[in-house]
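To start, the structure under review is shown below, and the notes come after it.
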Amino acid sequence: MRFELEIAPIDLDLTLGCGQTFRWERGLDGSWSGVLQDQAIRLRQIEGLIQAEATPGREDVSESILEFLRSQDDIARIQSKLRKDRVLAPGIKRMQGLRIVKLDEWECLISYVLATYANIPRIMKMVEALAANYGDPITRMRRSFPNRSQLSRAKAKDLAKLGLGYRAKYIEALCELFDDESLSTLSRVPYENLRRELVELPGVGNKVADCVSLFGFGRLESFPIDLWIERALKRLYRQTGTYNHLRGFAASRFGEYAGYAQEYLYHNERMRARNLGCAFSEE
DNA sequence: GCCCAGGAGTGTG
DNA sequence: CACACTCATGGG
């Protein structure tokens, strides 16, 4: 099944390639393949249009793609607010097409617990290993991300063998704590409360709680601080200190759309490290 | 071989 | 509060 979607502005390469998602891969032809719920999906960008193909024989999945790509976000409004920041202003227009994605809460929680102290290629490998071993088959190539009951069949020892290392015990513990529905009860909780709940979970600290708040629960005011963001805040804003200090700084500086500011800073910092240019002024 | 990675947990001063 | 140390391992 094939259909077209209008989302503007959007840049698929930026959105799916900037490290928010761990199951989307860019093919040699420039298309992106990934999995949403129990469907394998291929997206291709042609100018401002998104062409989508889903697993044959399934119903229309355009709604889940629109939700995944947060098609309702008013990028113009978000950027005009963030442009008031003199550091962001010079460069963010070039990242107009970068959209925060909306991930499944459970998949997001597990993925970002795995993401601790690992690089992105390795995170992708770990996430894919969970799908390959515990998810439902969708196509010859791909499986769904395992839900809680599927993943709870895994024991920490098995998971460690899949290359998860010390993270295996956290995954096992998280499966014990939840059933298939209980995470979604947090979906209407205000950000600060949600975050307080999340940091109590095994393997979840400040940074992972903010990633899950942002990408899993769609709280755009969340501002995850990893090593790259820490560097960016130091370099561009002369800010150092504890996580909570930096988080407070970001909240007062970027406000309700701090999550978008974070993605701009994150992407910029990584591109800069690879000598692929710097969007923001250095002064 | 070396350094680093979308950190978290635990213990100590 | 701040820091130090450990955790396992693959990617560049």
Side-chain angles (χ1 to χ4, degrees), chain A residues 14-25 95 98-103 105 107-130 132 154-174 177 195-220 222-236 239-250 254 258-276:
Chain A
L14 260 181
T15 301
L16 300 178
C18 72
Q20 303 181 71
T21 71
F22 303 118
R23 293 203 74 192
W24 287 81
E25 292 179 338
M95 293 183 270
L98 198 174
R99 306 184 80 93
I100 303 273
V101 296
K102 167 68 176 77
L103 304 176
E105 294 92 335
E107 177 175 346
C108 184
L109 173 64
I110 298 298
S111 299
Y112 277 91
V113 167
L114 295 182
T116 65
Y117 209 44
N119 57 27
I120 290 174
R122 186 176 175 195
I123 301 163
M124 297 178 79
K125 206 168 171 182
M126 290 189 279
V127 173
E128 214 51 40
L130 291 187
K155 288 300 136 196
K157 194 169 282 184
D158 308 320
L159 295 172
K161 274 186 207 158
L162 293 179
L164 307 202
Y166 62 88
R167 307 163 188 83
K169 57 180 178 291
Y170 299 136
I171 304 305
E172 187 182 51
L174 288 168
L177 281 171
R195 176 176 206 288
R196 245 192 314 277
E197 303 270 344
L198 291 173
V199 288
E200 295 303 315
L201 299 175
V204 179
N206 284 317
K207 188 266 178 181
V208 172
D210 282 329
C211 283
V212 177
S213 298
L214 180 58
F215 305 123
F217 289 88
R219 304 307 152 81
L220 294 186
S222 178
F223 188 88
I225 301 162
D226 71 334
L227 293 170
W228 295 101
I229 292 296
E230 211 173 295
R231 284 172 216 152
L233 291 177
K234 182 175 184 181
R235 190 170 64 80
L236 297 167
Q239 290 294 314
T240 58
T242 65
Y243 194 97
N244 275 324
H245 166 72
L246 296 175
R247 194 167 80 88
F249 171 79
F254 305 124
Y260 268 94
Q262 191 269 5
E263 280 306 298
Y264 297 144
L265 290 168
Y266 178 76
H267 180 65
N268 178 250
E269 197 66 16
R270 296 186 63 203
M271 290 304 104
R272 188 174 174 280
R274 291 199 271 162
N275 280 323
L276 294 177

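Here is how names work: the chains are called A, B, and so on, in the same order as the sequence lines, proteins then strands, and each is numbered from 1. Note: hydrogens, waters and symmetry copies are ignored here, and every other heavy atom, side chains too, is used.
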Practice prompt. Please confirm whether A/Tyr117 and A/Tyr166 have ring centers closer than 6.0 angstrom.
Written response: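 They do not qualify: ring centres at least 6.0 Å apart.
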
Worksheet item: For the rings on A/Phe254 and A/Tyr260, is their centre-to-centre separation under 6.0 Å?
Response: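 No: the rings miss the under 6.0 Å criterion.
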
Fill in: Side chain A/Tyr112 and base B/dG7 donor-acceptor under 3.5 Å
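Looking at the base of B/dG7, it does not pair with any donor or acceptor on the side chain of A/Tyr112 (distance under 3.5 Å).
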
Discussion item. Ignoring hydrogens and geometry beyond distance, is the side chain of A/Glu263 in donor-acceptor contact with the base of B/dG6 at under 3.5 Å?
Written reply: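 Yes.
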
Provide the distance between the two [atom1] atoms, one in [N] and one in [M], to the nearest whole Å.
N      : M      : atom1 : value
B/dG9  : C/dG10 : C1'   : 22 Å
B/dC4  : C/dC7  : C1'   : 15 Å
C/dT9  : B/dG1  : C1'   : 15 Å
C/dG11 : B/dA8  : P     : 22 Å

Any base atoms under 4.0 Å from [X], or only sugar-phosphate, or nothing? Heavy atoms, all strands.
X        : answer
A/Phe215 : base
A/Val113 : nothing
A/Gly163 : nothing
A/Tyr170 : sugar-phosphate
A/Ile120 : sugar-phosphate
A/Arg270 : nothing

Discussion item. Please tell me if A/Arg231 has a side-chain N or O lying less than 4.0 Å from either OP1 or OP2 of B/dA5.
Written reply: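 Affirmative; the distance criterion is met.
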
Worksheet item: Counting only side-chain N and O atoms of A/Lys125, is one of them less than 4.0 Å from OP1 or OP2 of C/dG11?
Response: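 Affirmative; the distance criterion is met.
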
Discussion item. Applying the 5.5 Å / 30° rule, does A/Tyr266 stack onto the base of B/dG6?
Written reply: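 One would call A/Tyr266 stacked on the B/dG6 base.
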
Worksheet item: What do you reckon, do A/Tyr166 and the base of C/dA8 stack, with centroid distance below 5.5 Å and planes below 30°?
Response: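 Answer is no, no stack.
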
Item to complete: Could you please name the option among B/dA8, C/dA2, B/dG6 that lies closest to any side-chain atom of A/Thr242?
Response: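 Closest nucleotide to the A/Thr242 side chain: C/dA2.
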
Discussion item. Given C/dG12, B/dG7, C/dA2, identify the nucleotide with an atom nearest to the side chain of A/Pro121.
Written reply: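 Among the listed nucleotides, the one closest to the side chain of A/Pro121 is C/dG12.
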
Given atom [atom1] of [X] and atom [atom2] of [N], what is their separation to the nearest angstrom?
X        : N     : atom1 : atom2 : answer
A/Leu164 : C/dT9 : CG    : P     : 10 Å
A/Lys161 : C/dT9 : NZ    : C1'   : 17 Å
A/Asn206 : B/dA8 : CG    : P     : 7 Å
A/Asp226 : B/dC4 : CG    : P     : 15 Å
A/Asn119 : B/dA5 : CG    : C1'   : 5 Å
A/Leu201 : B/dG7 : CG    : P     : 18 Å
A/Arg167 : B/dG6 : CZ    : P     : 11 Å
A/Arg122 : C/dA8 : CZ    : C1'   : 7 Å

Worksheet item: Do A/Pro224 and A/Gln262 have side-chain heavy atoms sitting under 4.5 Å apart?
Response: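 A/Pro224 vs A/Gln262: side chains touch.
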
Worksheet entry | Polar side-chain atom of A/Lys102 near backbone of A/Gly216 as donor-acceptor pair, under 3.5 Å |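 Yes, the answer is positive, given that a donor and an acceptor are paired below the 3.5 Å cut-off.
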
Item to complete: Examine distances only and state if a side-chain atom of A/Arg167 and a backbone atom of A/Leu114 form a donor-acceptor pair shorter than 3.5 Å.
Response: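 Flag set: sc A/Arg167 to bb A/Leu114 pair under 3.5 Å.
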
Item to complete: Between A/Gly203 and A/Ile225, just flag the one whose closest nucleotide in DNA chain B comes earlier from the 5' side.
Response: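 On the 5' side of the pair lies A/Ile225.
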
Fill in: Aromatic plane relationship, A/Trp228 with A/Tyr266 - under 30° parallel, 30 to 60° tilted, over 60° perpendicular
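Answer is perpendicular, since the angle exceeds 60°.
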
